[in-house]
Amino acid sequence: SNNIVLSDGDGNPRMFCDNEGMFCIGDDNTQAARLKIRRSGGTPIRVFNSGGTSGFFNQIIFMNNGDTGEVGSIKRVNNASVQYNTTSDARLKDNIADMTGAIARVKLLKPKRYSWIEEDLDAADQDGFLAHETQTVVPGAVSGTQNEVDDDGNAIYMQMDYSKLVPVLTAALKEAITKIETLETKVAALEAN
């Protein structure tokens with residue numbers, strides 16, 4: 001059937017490649033992904049770059065649709081930490097302007113306390129946002145559509161990139177600092193009189 005299956009000594013599939021290019025390790029369940037790795041316990045994926053101990057070392061690179069430019073990466077920094085990157089080069093940007101009105105936007109954000117349904121806890125133990133509420137304030141931080149389902153009625157869950165909130169929070173903080181410094185100057189002038 002144009003499938004390639006590698007099995008253990010007892011005939012149990014351990015690697016599976018079908019005629020569409022779907023490649024599974026530890027699982028022969030073909031789904032939409034082109035690479036699927038399944039493991040019960042342990043570490044499913046381990047990425048290692050032995051390039052040295054000082055500097056930035058690519059662990060994973062994400063490319064654009066034409067495979068002509070890097071749009072993101074996961075890098076090892078020195079020999080101690082990881083950096084998660086998305087492209088932010090000024091040469092790729094247009095209509096650049098300083099952000100204004102950030103305090104008003106931050107006031108629209110609705111941080112929540114919650115717990116995950118699958119954890120079955122009696123009290124909230126997590127801090128975060130609800131994606132559909134955040135999408136109206138910082139659309140670039142959220143992917144997906146509220147209550148979306150696939151053709152079989154299965155939920156397609158919304159996702160968030162919390163790092164996209166940092167520019168808005170930073171701009172709001174800068175606006176607040178400016179207001180505080182103005183008030184401090186006024187108070188100092190009043191106290192001097």
Side-chain angles (χ1 to χ4, degrees), residues 1-89 91-92 112 114-121 124-132 134-135 138-166:
S1 61
N2 295 326
N3 294 332
I4 299 171
V5 180
L6 300 177
S7 62
D8 62 15
D10 296 325
N12 300 308
R14 293 296 177 246
M15 289 186 179
F16 179 90
C17 184
D18 68 13
N19 60 355
E20 305 260 329
M22 169 68 181
F23 185 64
C24 297
I25 300 171
D27 191 350
D28 63 358
N29 182 16
T30 56
Q31 295 180 10
R34 286 292 170 219
L35 172 64
K36 179 179 178 184
I37 300 172
R38 180 177 179 176
R39 179 172 174 163
S40 178
T43 305
I45 299 175
R46 181 175 173 176
V47 181
F48 176 71
N49 183 331
S50 61
T53 59
S54 179
F56 295 85
F57 302 91
N58 286 323
Q59 301 290 92
I60 297 175
I61 295 176
F62 301 92
M63 300 298 290
N64 63 15
N65 187 47
D67 197 22
T68 58
E70 185 177 324
V71 297
S73 65
I74 301 174
K75 297 181 186 294
R76 175 171 55 84
V77 183
N78 299 321
N79 210 25
S81 65
V82 176
Q83 186 182 66
Y84 299 89
N85 302 299
T86 188
T87 303
S88 189
D89 195 294
R91 294 170 293 180
L92 296 170
K112 304 287 191 214
Y114 57 87
S115 60
W116 296 105
I117 291 170
E118 288 194 7
E119 292 180 336
D120 194 27
L121 301 177
D125 69 337
Q126 300 289 313
D127 302 317
F129 296 89
L130 302 181
H132 71 278
T134 306
Q135 192 172 44
V138 187
V142 179
S143 61
T145 304
Q146 186 179 7
N147 298 324
E148 185 177 4
V149 294
D150 65 16
D151 292 340
D152 295 323
N154 299 311
I156 300 174
Y157 296 114
M158 300 180 79
Q159 297 181 0
M160 275 190 62
D161 179 353
Y162 279 66
S163 70
K164 302 295 186 196
L165 300 178
V166 172

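This is a predicted model, so every value here is computed, not measured. Count residues from 1 along the sequence.
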Has Asn79 got more than 12 heavy atoms of other residues, nucleotides or ligands less than 6.0 Å from its CG?
yes
Atom OG1 of Thr43 and atom CD1 of Ile37: how far apart are they, to the nearest 0.5 Å?
12.0 Å
Would you say the side chains of Ser115 and Asp125 form a donor-acceptor pair under 3.5 Å?
no
Could you grab the distance from atom CD1 of Ile60 to atom CD1 of Ile45, nearest 0.5 Å is fine?
7.0 Å
Has Ile117 got more than 12 heavy atoms of other residues, nucleotides or ligands less than 6.0 Å from its CD1?
no
The reported gap from CG in Asp161 to OG1 in Thr134 (rounded to nearest 0.5 angstrom) is 12.0 Å
From Tyr157 atom OH to Asn147 atom CG, the distance as rounded to the nearest 0.5 Å:
10.5 Å
Heavy-atom closest contact (Val82 atom, Val77 atom, distance):
C-CG2, 4.4 Å
Quick one: does any side-chain atom of Asn78 pair with a main-chain N or O of Gly55 as donor and acceptor, under 3.5 Å?
yes
Quick one, Asn49 and Gln59 - any side-chain contact, counting heavy atoms below 4.5 Å?
yes
Using side-chain heavy atoms (C-beta onward) and a distance below 4.5 Å, is Glu70 in contact with Asn85?
no
Below 4.5 Å, heavy atoms only, C-beta onward: do Phe129 and Val142 meet side chain to side chain?
no
Compare every heavy atom of Asn58 with every heavy atom of Ser73, then report the nearest pair and how far apart it is.
CB-OD1, 4.4 Å
Going by ring pair (Phe, Tyr, Trp, His ring centres under 6.0 Å), name the residues that satisfy it together with Phe56, two or more places apart in sequence or in a different chain.
none
Do other residues, nucleotides or ligands put more than 12 heavy atoms under 6.0 Å from the CD atom of Gln159?
no
Just so I know, are the side chains of Gln135 and Gln146 near enough to count as touching, which here means a heavy-atom distance under 4.5 Å?
no
Can you tell me how far apart CD1 (Ile74) and CD (Gln83) are? Round to the nearest 0.5 Å.
11.0 Å
Close side-chain approach of Met160 and Leu165, heavy atoms under 4.5 Å
yes
Taking all heavy atoms of Tyr114 and all of Ala124, pick out the closest pair and write down the distance.
N-CB, 3.4 Å
Does Tyr162 OH have over 12 foreign heavy atoms under 6.0 Å away?
yes
Would you name the heavy atoms of Met158 and Ala131 that are closest together and state the gap between them?
CB-CB, 3.7 Å
Give a yes or no answer on whether the side chain of Asp150 reaches the backbone of Asp152 with a donor-acceptor pair at less than 3.5 Å.
yes
